[in-house]
Asker: 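So that we are looking at the same thing, I have put the structure below in structure tokens.
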Amino acid sequence: MSSPGDHPYRKSLYRILENRAWLDAHIEALMAQYKSKWIAIYRKEVVASADSPDELRGICQDKVDMDETIIFQVPGAVRTPI
Amino acid sequence: MTNEVPRFPFRSLRDWIVFLEQNDQLRRNKKEVNLRYDLGYISKVTADTGGPALIHENIYGYPDWKIFCDGLTTFQRKAWALGLPLETLAASLAGVIQSGNLIKPVLVDTGPCKEVKIFGDNIDLTNIPIPYTGKYDNPPYITAGISTIMDLDTGWHNIAIRRFQLKGKQRLCDLIVSYQHEGKIFAKYVRAGKPMPIAIVIGADPLFYLLSQMPAEDNVSEWDYWGAFTGEPLQVVKCETNELLVPAQAEIVIEGFVDPLKREFEGPFSEFPGYYSGCYYLPVVDVRAVTMRKDAIYYYLYMGKEPSEGHSMAHLMYSAQILKQLKQLVPEVRDVNVLSTWSFTTAVTVDRRAKREGLIKKLAMAAKAIQAGALIKNLLVFDDNVDIRSLSDIIWSFSVKFQPARDFLAIPNTIGAELDPSEPSLGHGPGVSSFGVFDCTEAGPPYDEPFRREVALPPKSDKALEVLRDLGLNG
């Protein structure tokens, strides 16, 4: 476990984890607002939404670092299987 | 590892790597690969083309690590891993599985998986190179992590590869499904209000990996079969923070506890049916310790649309366990071959001389009743003179023996697989499916002309065989 934590890949992974934690904490509100839409989450906020992932990428790829961005389709409901 | 050339039984991933390399079945990739973009597609193509096992030695951001993958994508390599002849692999495997010569693991004091020990807040799972697979998996998943858990009442150990999404430096989400052993065991911890200890093994010998893909019977630990194949017990060590046992030769072991009540949003993931799974609220693994070798090798499994190493392992091992468990209820069963998707579609043969009214229905009910048959959705039944490892034989028999109006049985509202993308279209959501039985066995009389019941093949003459031999062709 000696990989440097300040490597660009590792930094982007930490950002992804932060974005994911934000997504997890706000999923109910996101489902109410963006159900079935594709959203881009960058630096803990929704920076764009669209009807398809390609459209979404087109909107945000020049504005944000895509390696730190979560592209996600908001579900209508979430199951708890166990 | 000694200087001797490793041979079966392979006791570690390293023995297996040396063996594969010496048999020209392993390639080392020294070009830089990015965990986010590169590994999934390379493995997909490798599986598609029957390519070699791979070690990636130049990982962007992880200069000290190597990643191994695709070791068990071919029948030859699976045969080597099991110590069985390729020519009779299915029959030989079935023989070992049905032998009952199980040997429990032996506890040893320590092993290479204890060379490095990290505890508590010092753990950072992002220090391990976990590749992305699908483009919407975010953060990435551990895909070759063998979950090891123990029954609360009996101490029965269960092992199985599960998907673990990285959620934090010391946190993973664990897809636990209620009808599988992991779900049944976890339910006991939930009822008792106790956290479930878990150990996730990443990187082990190839037989251990194959066994982790085998749905053994209730209360049977898959690793007891390790001794059935090798004649000796698997060496295991105790975890640092719980009572679980793990292979002493493992590369990486992640120890933790699954809270009985805590659930966290998870998904999507490029799952084995070949589509992205939906999102779930899933149990959470709080990681308490990581132990590993000093120069640990990460094991990666591509997951998604088949073929893949995971499918390759599962189809072989599911076939053998379904056969074993089915024969106990229906002795007329002769052979089983999983055709697709972790047994969603499975072919079975029955003794054609022992056929009787109602046998196929009995077989169908048994297939859904056994532990190993939980995922079967389409059951294709053939006579035992059909080679169910030959797709052309299967399609031919289906074409000329199966009558849709007579030979198809559909049972609605059965327990589903959760991850089958066709389930929601039934209107009950994921987890509810249906079950279809395709009776492709030879129908009985009346026949219009008796000679038409003989399979139309040309005569096989000595001269024809001689000519074929001269041409270098098998007759």
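Quick note on labels: first sequence line is chain A, next is B, and so on, each numbered from 1. In this text, all values refer to a predicted model and were calculated from it rather than measured experimentally.
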Asker: Once the angle between the rings of B:Phe265 and A:Phe72 is folded into 0 to 90°, is it parallel (under 30°), tilted (30 to 60°) or perpendicular (over 60°)?
Answerer: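 Judged by the thresholds at 30° and 60°, the geometry between B:Phe265 and A:Phe72 is perpendicular.
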Asker: Rounded to the nearest 0.5 Å, how far apart are CD1 of A:Ile16 and OG1 of B:Thr126?
Answerer: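 These two atoms lie 12.5 Å from each other.
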Asker: Counting only non-hydrogen atoms closer than 4.5 Å, does B:Phe186 touch chain A with its backbone (N, CA, C, O), its side chain (CB onward), both, or neither?
Answerer: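 For B:Phe186, the contact with chain A is made by the side chain alone.
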Asker: Go through B:Ser178, B:Gly267, B:Pro129, B:Pro283 and name the one with the most non-hydrogen pairs under 4.5 angstrom from chain A.
Answerer: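 Top option by heavy-atom pairs under 4.5 Å: B:Gly267.
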Asker: Of all of B:Lys167, B:Lys169, B:Glu264, which one pairs up most often with chain A through heavy atoms under 4.5 Å apart?
Answerer: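 Max contact count across the listed options: B:Lys167.
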Asker: Less than 4.5 Å to any heavy atom of chain A: does that hold for the side chain of B:Ile59, its backbone, both, or neither?
Answerer: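 Neither part.
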Asker: Which bit of A:Asp67 comes within less than 4.5 Å of chain B, counting heavy atoms only: side chain, backbone, both or neither?
Answerer: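 Both backbone and side chain of A:Asp67 come within 4.5 Å of chain B.
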Asker: So does B:Tyr37 have more than 12 non-hydrogen atoms from other groups sitting under 6.0 Å from OH?
Answerer: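 Atom OH in B:Tyr37 is crowded, with more than 12 foreign heavy atoms closer than 6.0 Å.
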Asker: Within the structure provided, determine whether A:Ile82 and B:Glu182 are in side-chain contact (heavy-atom separation under 4.5 Å).
Answerer: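 No, every pair of side-chain atoms sits at 4.5 Å or beyond.
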Asker: Check whether A:Arg20 gets within reach of chain B through its side chain, its backbone, both or neither, counting any heavy atom under 4.5 Å.
Answerer: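 The side chain, not the backbone.
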Asker: CG of A:Leu13 to CD1 of B:Ile130: how many Å apart, nearest 0.5 Å?
Answerer: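 Rounded to the nearest 0.5 Å, the CG-CD1 separation comes to 7.5 Å.
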Asker: Show the nearest heavy-atom pair for residues B:Pro139 and A:Leu17, with the distance to one decimal.
Answerer: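 Closest approach of B:Pro139 to A:Leu17, heavy atoms only: CG-CD2, 3.6 Å.
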Asker: Assess whether atom NZ of B:Lys184 is packed by more than 12 heavy atoms of other residues, nucleotides or ligands within 6.0 Å.
Answerer: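 Yes, because the 6.0 Å sphere around NZ of B:Lys184 holds more than 12 heavy atoms from other groups.
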Asker: Do A:Ile71 and B:Asn138 make a side-chain contact, defined as non-hydrogen atoms from C-beta onward lying under 4.5 Å apart?
Answerer: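 A side-chain contact under 4.5 Å is absent here.
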Asker: Should the heavy atoms of other residues, nucleotides or ligands under 6.0 Å from CG of B:Asp121 be counted, would the total exceed 12?
Answerer: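 Atom CG in B:Asp121 is not packed in, count stays at 12 or less.
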Asker: Are A:His7 and B:Tyr60 close enough that some pair of their side-chain heavy atoms sits under 4.5 Å apart?
Answerer: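 Of all side-chain heavy-atom pairs linking B:Tyr60 with A:His7, at least one is under 4.5 Å.
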Asker: Taking all heavy atoms of B:Arg36 and all of A:Met66, pick out the closest pair and write down the distance.
Answerer: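 Minimum heavy-atom separation between B:Arg36 and A:Met66: NH1-O, 4.2 Å.
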Asker: Count the heavy-atom pairs under 4.5 Å between each of B:Leu175, B:Leu166, B:Val190 and chain A, then report the option with the highest count.
Answerer: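 Top count of heavy-atom pairs under 4.5 Å with chain A: B:Leu166.
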Asker: Report which part of B:Tyr179 has an atom under 4.5 Å of a heavy atom belonging to chain A: side chain, backbone, both, or neither.
Answerer: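 Neither part; nothing is under 4.5 Å.
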Asker: Sort A:Ile70 into side chain, backbone, both or neither according to what part of it lies under 4.5 angstrom from a heavy atom of chain B.
Answerer: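 Both parts, backbone and side chain.
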Asker: Judged by atom type as modelled, is there a donor-acceptor pair below 3.5 Å linking the side chain of B:Arg263 to the main-chain atoms of A:Thr80?
Answerer: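 Side chain of B:Arg263 to backbone of A:Thr80: no pair is present.
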Asker: Quick one: are B:Val177 and A:Pro81 in side-chain contact, heavy atoms under 4.5 Å?
Answerer: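 The answer is no; the side chains never approach within 4.5 Å.
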Asker: Within the distance-only criterion (no hydrogens, no angle test), does the side chain of A:Arg10 pair as donor or acceptor with the backbone N or O of B:Gly61 below 3.5 angstrom?
Answerer: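 Between the backbone of B:Gly61 and the side chain of A:Arg10 there is no qualifying donor-acceptor contact (under 3.5 Å).
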Asker: Which bit of B:Ile176 is near chain A, if near means a heavy-atom gap under 4.5 Å: side chain, backbone, both or neither?
Answerer: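 Answer is both: backbone and side chain atoms of B:Ile176 are under 4.5 Å from chain A.
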